[in-house]
Each structure stands twice: as structure tokens, then as C-alpha cells.
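Naming convention: chains lettered A, B, ... in sequence-line order (proteins, then strands); numbering from 1 in each chain.
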2 protein chains.
Amino acid sequence: MSRNDLASSACAVARSIEKVGDTWSLMLMREFFLGTRRFEALHRNTRISPHVLSGRLKAMCAEGIIEKRQYSEHPPRDEYLLTEKGRDLWPVVMALMTWGEKWLDGPEAVALRHKACLQEMRPTLVCPECGEPVTARDVAAHVTEEFAGERCTGSDKG
Amino acid sequence: MSRNDLASSACAVARSIEKVGDTWSLMLMREFFLGTRRFEALHRNTRISPHVLSGRLKAMCAEGIIEKRQYSEHPPRDEYLLTEKGRDLWPVVMALMTWGEKWLDGPEAVALRHKACLQEMRPTLVCPECGEPVTARDVAAHVTEEFAGERCTGSDKG
DNA sequence: TTGACTCCCTTCAAATACGGAAGCTAGCCT
DNA sequence: AGGCTAGCTTCCGTATTTGAAGGGAGTCAA
């Protein structure tokens with residue numbers, strides 16, 4: 001199966017992966033959350049080759065994750081800004097950061113401060129119903145009957 | 001830059017991306033969290049080609065995200081189980097699921113129940129200091145001075 | 001003991017994507 | 001006029017992925 005076929009999956013995870021589940025899209029999301037907006041800066045900070053960078057930016061614009069905006073008319077200069085859809089990917093980047101800090105050696109180069117309470121912190125996952133922290137072990141996941149056995153075949157049932 | 005260079009990045013997000021930031025590793029993580037353990041089932045449910053699947057499973061074993069265990073001696077049959085390191089990737093998959101359900105059309109094929117309170121829910125991110133829900137807008141992120149300007153160059157400063 | 005079947009992969013050829021360097025356009029600056 | 005910057009595009013060789021096929025080790029049923 002090719003990546004593109006994931007778009008029609010019955011599973012939201014697969015559909016998301018099709019949109020942003022690749023190395024360079026994820027690197028770009030990190031960079032956007034750090035505030036980078038311009039082509040050259042994205043290129044420098046991520047080391048993505050201009051060719052691939054150009055392609056990813058176009059795809060992410062088409063997808064509505066970022067939008068291109070001219071910030072100077074003379075000379076004409078563009079920047080890329082996260083849309084609300086794009087900002088909603090923040091938990092993905094946070095999750096990767098938290099995992100990397102726990103399990104992969106290396107420095108913690110980014111500080112996060114909650115604007116409301118002014119504490120430095122790492123966001124954690126909780127159950128919104130009872131407020132308790134949750135991990136994989138605390139939650140039972142199951143494919144609903146309607147979709148049993150068709151993880152990747154949202155449209156083409158057999 | 002090639003993907004492998006991300007491993008030495010000063011940024012935990014980049015280091016994580018190098019390990020699990022690709023389509024098929026993420027698809028496999030989803031599948032493991034749904035309880036799939038065997039080569040053939042992983043192949044069927046994700047439609048990853050056997051070649052790539054084999055490679056990813058080896059890499060993930062080497063990385064300590066999953067481990068191979070023989071569940072039958074006659075015939076010799078193996079299964080792949082998440083390690084604690086692997087289970088800790090659950091928030092990444094949850095984040096992708098939540099985003100996909102909100103922003104990408106398609107069904108919600110997976111139910112999640114918090115074992116402690118028995119409610120169906122989607123985990124949410126909160127600030128562990130004050131308990132309030134957090135989004136990208138609520139948190140100020142900045143690269144610590146020590147690492148300013150070297151997002152991807154943890155080891156080779158210039 | 002033969003033939004069919006399952007599981008867990010491996011091998012191979014063709015298609016695709018990527019990396020790195022170079023180039024190109026538009027405009028500014030001196 | 002010459003050089004500089006930003007924001008890309010083009011090119012080409014290499015690396016990765018896909019999809020199909022194959023293979024080995026074992027079970028099972030006749």
C-alpha cells in the first residue's frame with residue numbers, strides 16, 4: 001500500500017499519518033511551533049533541502065495546516081503561518097518531545113512555560129471525565145464493531 | 001540532511017522523529033496499541049509490504065520499542081510486544097487520533113474507555129502544575145540560550 | 001507420505017523520493 | 001554596474017519503497 005491510500009482509512013490515526021506522518025512535515029511542525037516562519041529560516045533550522053521544503057510547504061498549504069502570507073511588497077516576501085488546524089497539531093509535537101526527553105539521550109533544549117500559571121512544565125495527558133492522568137495501560141481501546149477488520153479500508157469494503 | 005543526522009540533534013523532537021517519525025513506524029504503533037502482535041496480522045492490518053515491515057520491526061526491536069517473543073515452539077512462531085519505551089509512545093498516537101477526528105473527514109472507528117472511571121473519552125493535555133487544559137496558545141516555548149541557533153546540531157557546533 | 005496450507009519472512013526489479021549543488025528571479029543597496 | 005538577500009526551481013545521481021514472487025519450516029488431513 002502507498003501512503004496516499006491512508007487518506008480513506010476508517011482510522012483517524014491513519015488519516016492523520018497520511019497528512020503529517022513523515023519526517024519533514026513533523027520537523028516543520030516543530031519549527032513552526034518555535035516561531036519560524038520564513039523559507040530560508042526553515043531551511044537553515046531543519047536542514048531540509050529546498051526542493052523537499054518547497055514541496056512540503058505547498059502540501060501543507062493545500063491541506064490548510066499553514067497559510068502563506070506576504071509580509072513585504074517591496075521586495076515581495078512571503079512567510080508561512082500555522083492555521084488553527086495546524087496549531088491543533090501541537091499535542092503531537094509535545095508528545096514526541098516528552099518521549100524523546102525521557103527515552104533518548106540528549107539535552108533539553110526547549111523550555112515551556114504555561115502562560116496562565118507561569119510554571120515551566122511538560123503537558124501531560126489526563127482523562128477529561130475524571131481528571132486523572134492516563135497512560136496506555138489505563139485505557140481500553142477497541143475497534144468498534146462496524147469497522148472490525150477494516151483498519152485501512154474505509155471505502156473499499158470486501 | 002538525511003534523517004539519520006537527526007539522532008544527534010539538540011532537540012528532543014528531532015531525536016524522536018528520527019526513531020518513529022515515519023509513516024510505517026507510526027502505523028505500526030497504532031496497530032500495536034490496538035493489540036496486534038504478529039507479522040501476518042500487522043501486514044494485513046497496515047498493508048505494509050513484508051519487506052518494509054520486516055525492516056521496521058527489526059529497527060524497532062533494536063531501538064527497544066518492541067521486543068520479539070516466541071509464543072510457540074512447535075511450530076516456532078514469534079510475536080512482537082511493546083516495551084515500556086514503546087508504550088510511552090501512546091500519547092503520540094492519541095494526539096494523531098484526536099487531530100484526525102477533529103480535522104479530517106471520516107468515521108471514528110476506535111473507542112477508548114478509561115478503565116478507572118469507565119467513561120468513554122479522548123485524553124486531553126493539561127498543565128501538570130495547575131491542572132488546566134493547555135493548547136499551543138497557552139504555552140510559551142523558547143529554545144534555551146545554550147542551544148540557540150543549533151536546532152539540529154547537537155554535537156557538531158560551528 | 002503426499003499435498004495443501006499457514007506463518008514468517010527474504011529476494012528482486014521497477015518506480016519513487018530524496019540530497020546536494022547549482023541556477024534563476026525579483027528587488028534592494030552602494 | 002556589481003553584489004547581496006530571499007525565495008524558490010531544476011537537475012541528476014543515489015537511496016528507499018513498492019509489489020510481486022519465492023522459500024523454509026512446520027502442521028494437518030487423507
Side-chain angles (χ1 to χ4, degrees), chain A residues 1-7 9 14 17-28 31-32 36-62 66-81 152-153 156, chain B residues 1-9 14 17-28 31-32 36-62 66-81 152-153 156 158:
Chain A
M1 168 152 84
S2 80
R3 284 197 79 237
N4 304 315
D5 299 336
L6 295 175
S9 170
I17 288 171
E18 195 253 341
K19 303 302 180 196
V20 296
D22 72 271
T23 301
W24 304 127
S25 298
L26 292 169
M27 284 295 285
L28 284 172
E31 206 51 35
F32 285 126
T36 310
R37 301 173 166 190
R38 300 182 190 174
F39 194 97
E40 280 302 306
L42 292 167
H43 170 60
R44 269 196 315 279
N45 292 341
T46 62
R47 310 252 180 112
I48 305 177
S49 76
H51 177 60
V52 173
L53 176 55
S54 171
R56 285 295 191 287
L57 291 173
K58 271 178 194 149
M60 291 165 87
C61 280
I66 55 176
E67 56 193 10
K68 194 173 183 171
R69 196 190 65 170
Q70 198 169 62
Y71 67 87
S72 154
E73 251 185 287
H74 296 287
R77 290 285 183 270
D78 300 318
E79 62 186 1
Y80 298 90
L81 302 175
C152 291
T153 55
D156 55 299
Chain B
M1 164 151 89
S2 78
R3 285 196 78 236
N4 303 314
D5 299 337
L6 295 174
S8 61
S9 169
I17 288 172
E18 196 252 342
K19 302 303 180 197
V20 296
D22 71 271
T23 300
W24 304 128
S25 298
L26 291 169
M27 284 295 286
L28 284 173
E31 206 50 37
F32 284 128
T36 310
R37 300 173 167 191
R38 300 181 190 175
F39 193 97
E40 279 303 305
L42 292 167
H43 170 59
R44 267 196 316 277
N45 292 341
T46 62
R47 310 254 181 110
I48 306 176
S49 76
H51 177 61
V52 172
L53 176 55
S54 170
R56 285 294 189 289
L57 291 173
K58 271 179 194 149
M60 291 166 86
C61 280
I66 55 175
E67 56 192 11
K68 193 174 183 171
R69 197 191 64 170
Q70 196 169 62
Y71 68 86
S72 153
E73 251 186 288
H74 295 288
R77 290 285 183 271
D78 299 319
E79 62 186 1
Y80 298 90
L81 301 175
C152 293
T153 54
D156 55 301

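Take A:Arg77 and apply the side-chain hydrogen bond (donor to acceptor under 3.5 Å, both in side chains) test, not counting sequence neighbours, and it matches no residue. The side chain to side chain contact (heavy atoms under 4.5 Å, CB included) test applied to A:Lys58 returns A:Ser54, not counting sequence neighbours. Here A:Glu18 pairs with nothing under the side-chain hydrogen bond (donor to acceptor under 3.5 Å, both in side chains) rule; sequence neighbours left out. Taking A:Arg38 as the reference, A:Tyr71 meet the side-chain hydrogen bond (donor to acceptor under 3.5 Å, both in side chains) condition, with sequence neighbours excluded. For A:Arg69, the side-chain hydrogen bond (donor to acceptor under 3.5 Å, both in side chains) partners are A:Glu79, not counting sequence neighbours.
Distance check, rounded to the nearest 0.5 Å: CG of B:Leu28 to CZ of B:Arg56 gives 8.0 Å.
Protein chain B touches strand DNA chain D; the 5'-most and 3'-most nucleotides with an atom under 4.0 angstrom of its non-hydrogen atoms are D:dT17 to D:dT27. Contacts between chain A and DNA chain C, taken as any atom within less than 4.0 angstrom of a protein heavy atom, begin and end at C:dC18 to C:dC28.
Across B:Ser25 and B:Asp22, no two heavy atoms sit closer than the pair OG-OD1, 2.7 Å. Between B:Ala14 and B:Leu6, the closest heavy-atom pair is O-CB, 3.6 Å. When all heavy atoms of A:Pro50 and A:Phe39 are compared, the closest pair comes out as O-CZ, 3.7 Å.
Using a 4.0 Å cut-off on heavy atoms, the residues of residues 50-58 of chain B that approach DNA chain D are B:His51, B:Val52, B:Arg56, listed by number.
Between the A:His43 side chain and the A:Ser49 main chain, no donor and acceptor come within less than 3.5 Å of each other.
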